[in-house]
Amino acid sequence: MIKRAPAQWFWLAPLTMLVGSGVNAAMPEATEPSPTPPAGSLSLPFEFVSGRVLAPIRVNGSDPMSLMLDTGYSIDMLRGEVADKLGLKRAGQITVVGIAGEEKADLFEGATYDLPGATYSPRRVAALPPGDQRRWRKRDGILGAGFFRRFVVEIDPLKKKVFLHEPDTFRYSGGGEVIAFKFNGSTPVVDGAIIVPDRDPILGRFEIDTGCDGGLCLGSDFVQANNLLEATGGTRSGQRSGVGGDTSTKIGRVPQFRVGGLVVQKPLANFFLEGSPVDAGHAGHIGMDVFRRFKVILDYSRQRLILEPID
């Protein structure tokens with residue numbers, strides 16, 4: 001259930017920059033304009049696979065590959081064996097930072113993503129070594145920040161469609177909640193609050209992470225400082241996996257989560273026992289278990305998130 005928050009609950013404080021929780025390259029990645037831009041907008045089908053948004057897309061004329069849309073990644077990624085099979089040109093290495101450490105990744109040039117009526121050609125893509133195959137289970141790669149900068153991306157869970165709009169011509173006229181965000185590097189960050197009965201709202205800054213299958217992932221410092229485990233009504237042991245390895249969590253639900261003027265009832269939360277998916281001083285990130293309750297529009301060109309409740 002989604003409710004509109006009372007007007008006096010709306011809070012927007014200045015944001016500081018933070019390191020993204022998915023993957024952050026040690027060097028910035030620019031993208032080149034699409035050589036065949038779509039007229040207006042186009043659409044892709046997608047499926048929720050293990051709670052994540054995966055779309056079938058061809059790369060360099062390949063058979064359709066399963067690619068995940070992930071705002072937490074600062075660079076587009078492919079499985080190492082996929083990059084080799086496509087014959088992409090090697091272009092150095094970068095260091096990527098994840099929830100449990102760092103890993104080296106190879107850089108490649110020459111990838112073109114074939115969309116219905118358009119192509120998308122990032123300057124470079126990265127590929128992690130094979131390593132732990134759980135990371136790549138059921139997917140061949142990741143569309144990260146460059147893709148979200150190239151298009152206004154609209155994810156519609158009811159229609160199981162991703163709509164891609166040209167930023168220059170996109171105009172929003174719906175009745176959804178429009179929420180401003182700021183970037184930490186390549187990752188959008190919004191203000192939010194956890195609502196616990198008989199307490200003041202617990203304010204925090206949250207990354208938007210469409211590659212996370214959870215609801216909220218909350219850093220240990222934020223959890224401990226606000227005694228959040230006491231507000232869950234019970235937890236179970238859990239684990240989050242990502243670049244750098246695994247980390248232990250407790251899984252439960254917070255009573256309410258507010259973002260903009262919307263209140264989400266009892267979202268699932270991963271409480272980190274050590275460390276955090278984000279930088280010190282920030283609360284955590286918001287994943288698809290929250291966002292799949294909405295039609296989600298990510299407009300990087302105007303630094304805004306638009307949420308239309310669907311339940």
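One-based numbering along the sequence shown. All values reported here derive from a predicted model rather than from experimental measurement.
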Can you measure from [atom1] ([X]) to [atom2] ([Y]) and round to the nearest 0.5 angstrom?
X    : Y    : atom1 : atom2 : answer
L67  : I57  : CG    : CD1   : 5.0 Å
R139 : L78  : CZ    : CG    : 12.5 Å
Q256 : Q265 : CD    : CD    : 4.5 Å
E177 : L305 : CD    : CG    : 9.5 Å
L143 : Y113 : CG    : OH    : 6.0 Å
E47  : K160 : CD    : NZ    : 5.0 Å

Decide yes or no for [X] and [Y]: does some side-chain heavy atom of the first lie under 4.5 Å from some side-chain heavy atom of the second?
X    : Y    : value
K250 : R236 : no
I306 : V296 : no
V189 : F206 : no
C212 : M288 : no
P255 : I195 : no
S41  : F163 : no
M77  : M68  : no
E166 : L42  : no

Residues N270, L218; criterion side-chain contact (heavy atoms from CB on, under 4.5 Å); working and verdict: CA-CA 6 Å; N270 273 268; L218 304 173; over 6 Å; no

Check against salt bridge (Lys or Arg N to Asp or Glu O under 4.0 Å), R123 and E109: CA-CA 6 Å; R123 180 182 174 189; E109 296 176 342; 5.4 Å; no

For [X] versus [Y], what's the shortest heavy-atom pair and its separation?
X    : Y    : result
D114 : G61  : OD2-N, 3.1 Å
A269 : V254 : CB-CG1, 4.3 Å
S43  : P116 : O-CG, 3.6 Å
N60  : G110 : ND2-O, 3.0 Å
S50  : D213 : O-CB, 3.2 Å
P167 : V152 : CA-CG2, 3.8 Å

side-chain contact (heavy atoms from CB on, under 4.5 Å) evaluation trace for I286 with D209: CA-CA 6 Å; I286 312 167; D209 190 351; over 6 Å; no

Quick check: does any side chain N or O of [X] sit under 3.5 Å from a backbone N or O of [Y], one acting as donor and the other as acceptor?
X    : Y    : answer
D76  : G144 : yes
S74  : S186 : no
T210 : T71  : yes
T249 : I251 : no
R199 : N226 : yes

Side-chain donor-acceptor contact under 3.5 Å, T119 with T112: no

Exercise: do E154 and H165 side chains pair donor with acceptor under 3.5 Å: yes

Among all residues two or more places apart in sequence or in another chain, which pass the salt bridge (Lys or Arg N to Asp or Glu O under 4.0 Å) test with [X]?
X    : result
D84  : R90
E274 : none
R304 : D299

With F46 via ring-ring contact (aromatic ring centres under 6.0 Å, His included) - residues at least two apart: F48

Non-neighbouring partners of F148 that pass ring-ring contact (aromatic ring centres under 6.0 Å, His included), sequence neighbours left out: Y300

Cluster overlap I310 with Y172, hydrophobic side-chain contacts below 4.5 Å: no

Residue that, paired with R258, satisfies side chain to side chain contact (heavy atoms under 4.5 Å, CB included) out of L203, V264, I194: L203

Full working for side-chain contact (heavy atoms from CB on, under 4.5 Å) between L115 and F151: CA-CA 12 Å; L115 306 169; F151 302 102; 3.7 Å; yes

Under-4.0 Å salt bridge between D156 and K161: no

Candidate pair V162 and L69, rule side-chain contact (heavy atoms from CB on, under 4.5 Å), full reasoning: CA-CA 10 Å; V162 175; L69 276 64; 3.9 Å; yes

Fellow cluster residues of L273, listed by chain then number, with links counted only when side-chain atoms sit under 4.5 Å apart: none

Parallel, tilted or perpendicular, as decided by the 30° and 60° cut-offs, for the rings of Y120 and F147: perpendicular

